[in-house]
Amino acid sequence: MKNTRIGFIGLGNMGYHMATHLANNEHSLVIYDVRREVLDSFEQDVQAEDILKAHSPQEVADEAEIILASLPTPQVVREVVLGERGVIHGKKVKTYIDLSTSGQKVTSEVGLALQGRGITMLDSPVSGGVPGAQKGSLSLMVAGSREAYERSLTLLEHIGKKIFYVGDEVGQAQVIKVINNLLSSAALAITSEAMVLGVKAGLDPNIMIDILNASSGRNSATEDKFKKSIINRRFDYGFKTDLAYKDIKFCLDLADDLEVPMWLGSQVEHFWRFAMSQGAKNQDYTTIIRYFEQWAGVQVGNEIDQKS
Ligand code: NAD
């Protein structure tokens with residue numbers, strides 16, 4: 001596969017690093033993003049010899065048999081794949097691997113449309129955040145044809161270390177991904193609330209996190225986010241509030257469709273909806289702690305606290 005040109009669409013917080021791993025593993029690439037400046041900086045950063053910069057998703061699909069995409073919303077995924085200059089119109093593409101979190105509905109719709117043109121889709125959302133994308137250690141959950149999955153595994157191993165095959169129905173990987181994200185956003189919110197309480201009661205936040213990480217209260221926020229991006233007030237984890245909210249909504253919409261009660265999940269969704277209404281949309285999702293801090297009149301950590 002090394003001599004095959006790989007397409008990559010969407011070089012944002014996650015995609016940039018994933019595409020970098022492919023280039024560093026000697027893949028020639030054809031890349032596309034609506035932000036042209038990101039294509040130029042990618043070319044300079046990776047210094048790989050063979051990188052083409054496309055002007056549309058279709059142009060990527062004219063050049064590459066396999067395309068990976070990491071895109072923000074289902075609307076963008078639909079446009080990139082099925083739009084007027086979308087992947088579906090490309091001459092060369094045979095496999096489209098979607099690394100985005102786009103929910104089950106649009107993912108299935110896009111998968112079916114591609115299938116109608118003889119293009120195989122793998123639904124492959126990722127978890128592990130920007131640090132995982134940087135290290136190439138993401139976890140990937142993949143649904144779609146097993147044969148296409150096995151064929152693509154070597155490629156996927158450049159970006160992920162824990163790769164799970166979910167099943168042959170495109171869209172099923174989205175189900176476990178949005179369940180995962182409901183849990184991880186719930187963990188961030190409840191840990192923020194609890195950390196604010198501890199600081200209000202006079203505890204040192206770094207000591208609290210050390211204790212939680214050695215105890216039964218540990219979770220992805222205590223292990224990964226507090227020391228990296230919150231206690232030092234950097235708020236640079238790399239995931240925007242609106243993208244986190246989108247994933248929680250996918251999960252609650254799924255529960256709605258299946259008529260499954262979500263007492264606690266709906267509280268989590270409501271909190272994040274509140275954050276969205278307060279202007280947090282384009283901010284890093286770790287900033288949600290600020291609401292709990294304002295209500296309690298304390299701050300968890302400070303700028304000079306660079307322990308991480
Ligand atoms: P991002 O907004 O940083 O990146 C998205 C990229 O897509 C941007 O570079 C943007 O310019 C590009 N784009 C937008 N519209 C486009 C179009 N029409 N054509 C081509 N490119 C277009 O988002 P991200 O944080 O990198 O997340 C990407 C996906 O991965 C999302 O679905 C997100 O939910 C998921 N995800 C993110 C994280 C995280 O921690 N950031 C973790 C796991 C999964």
Side-chain angles (χ1 to χ4, degrees), residues 7-21 30-42 53-61 67-88 90 96-104 106-107 110 123-142 159-160 162 173-174 176-185 187-188 220-221 224-225 228-229 235-251 272 281-287:
F8 204 105
I9 303 176
L11 288 92
N13 284 330
M14 298 293 283
Y16 199 95
H17 298 296
M18 297 193 263
T20 302
H21 290 302
V30 48
I31 54 176
Y32 174 69
D33 194 293
V34 275
R35 297 179 298 140
R36 296 264 351 137
E37 69 277 12
V38 101
L39 303 181
D40 298 333
S41 58
F42 183 83
K53 293 182 282 179
H55 292 87
S56 70
Q58 181 177 356
E59 217 175 286
V60 175
I67 299 175
L68 293 92
S70 176
L71 296 164
T73 64
Q75 294 81 1
V76 171
V77 168
R78 195 193 272 122
E79 171 66 24
V80 161
V81 180
L82 309 180
E84 209 176 313
R85 304 206 62 204
V87 166
I88 198 162
Y96 171 74
I97 305 178
D98 205 317
L99 306 158
S100 329
T101 310
S102 309
Q104 195 185 23
V106 166
T107 304
V110 166
D123 158 30
S124 179
V126 306
S127 183
V130 173
Q134 257 163 344
K135 285 184 251 162
S137 65
L138 292 167
S139 57
L140 272 68
M141 36 222 115
V142 192
I159 56 179
K162 288 159 264 166
Q174 294 290 327
I176 181 59
K177 170 61 183 167
V178 300
I179 288 171
N180 176 77
N181 280 28
L182 173 71
L183 292 177
S184 119
S185 296
L188 180 56
S220 58
D224 194 23
K225 300 184 180 90
K228 185 181 181 301
S229 297
F235 300 115
D236 59 353
Y237 191 76
F239 194 37
K240 281 175 258 162
T241 306
D242 61 345
L243 294 187
Y245 180 62
K246 165 199 72 160
D247 299 349
I248 298 166
K249 283 270 294 160
F250 284 140
C251 191
W272 285 85
K281 212 173 160 186
N282 287 314
Q283 292 175 19
D284 195 88
Y285 79 152
T286 52
T287 58

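Order of appearance sets the numbers: ligands from 1, and atoms from 1 within every ligand.
By the 3.5 Å distance cut-off applied to N or O atoms, Gly10 is not counted among the residues near ligand 1. Considering backbone and side-chain N/O of Arg35, one or more are found under 3.5 Å from N/O of ligand 1. Annotation: Ser100 places no N or O atom under 3.5 Å from an N or O atom of ligand 1; distance criterion only. Not one N or O of Tyr237 is nearer than 3.5 Å to an N or O of ligand 1, by distance alone. Annotation: Met14 places an N or O atom under 3.5 Å from an N or O atom of ligand 1; distance criterion only.
Atom 35 (C) of ligand 1 has Thr101 OG1, 3.7 Å as its closest protein atom, hydrogens excluded (heavy atom only). For atom 4 (O) of ligand 1, the closest heavy atom belonging to the protein is Gly12 CA, 3.2 Å. Summary of contacts: the protein heavy atom closest to atom 3 (O) of ligand 1 is Asn13 N, 2.9 Å. Regarding atom 33 (C) of ligand 1, its nearest protein heavy-atom neighbour is Lys246 NZ, 3.8 Å. Protein heavy atom in closest approach to atom 10 (C) of ligand 1: Asp33 OD1, 3.5 Å. Looking only at heavy atoms of the protein, atom 44 (C) of ligand 1 is closest to Val126 O, 3.7 Å. Closest to atom 30 (O) of ligand 1, if we only count protein heavy atoms, is Ser70 OG, 3.9 Å. Closest to atom 7 (O) of ligand 1, if we only count protein heavy atoms, is Pro72 CD, 3.6 Å.
When Val178, Leu11, Val34 are checked for heavy-atom proximity to atom 13 (N) of ligand 1, Val34 turns out nearest. Between the choices Val76, Val38, Leu243, the shortest heavy-atom distance to atom 15 (N) of ligand 1 belongs to Val76.
When atom types are taken as modelled, the side chain of Asp284 and the backbone of Gly238 share a donor-acceptor pair closer than 3.5 angstrom. Distance alone, capped at 3.5 Å, places no donor-acceptor pair between the Lys53 side chain and the Arg36 backbone.
The shortest distance between side-chain heavy atoms of Leu68 and Met18 does not fall below 4.5 Å.
Ligand 1 places these atoms under 4.0 Å from at least one heavy atom of Tyr32: 19 (N), 20 (C). Atoms of ligand 1 found under 4.0 Å from any heavy atom of Lys177, numbered from 1 in the order shown, are 43 (C), 44 (C). Counting the atoms of ligand 1 from 1 in the order shown, those under 4.0 Å from a heavy atom of Val80 are 17 (C), 18 (N), 19 (N). When each atom of ligand 1 is checked for a heavy atom of Lys240 under 4.0 Å away, the hits are 2 (O).
Using a 30° and 60° split on the angle between ring planes, Phe239 and Tyr285 fall in the perpendicular class, above 60°.
Side chains of Tyr16 and Asp33: a donor-acceptor N/O pair is absent below 3.5 angstrom, by distance only.
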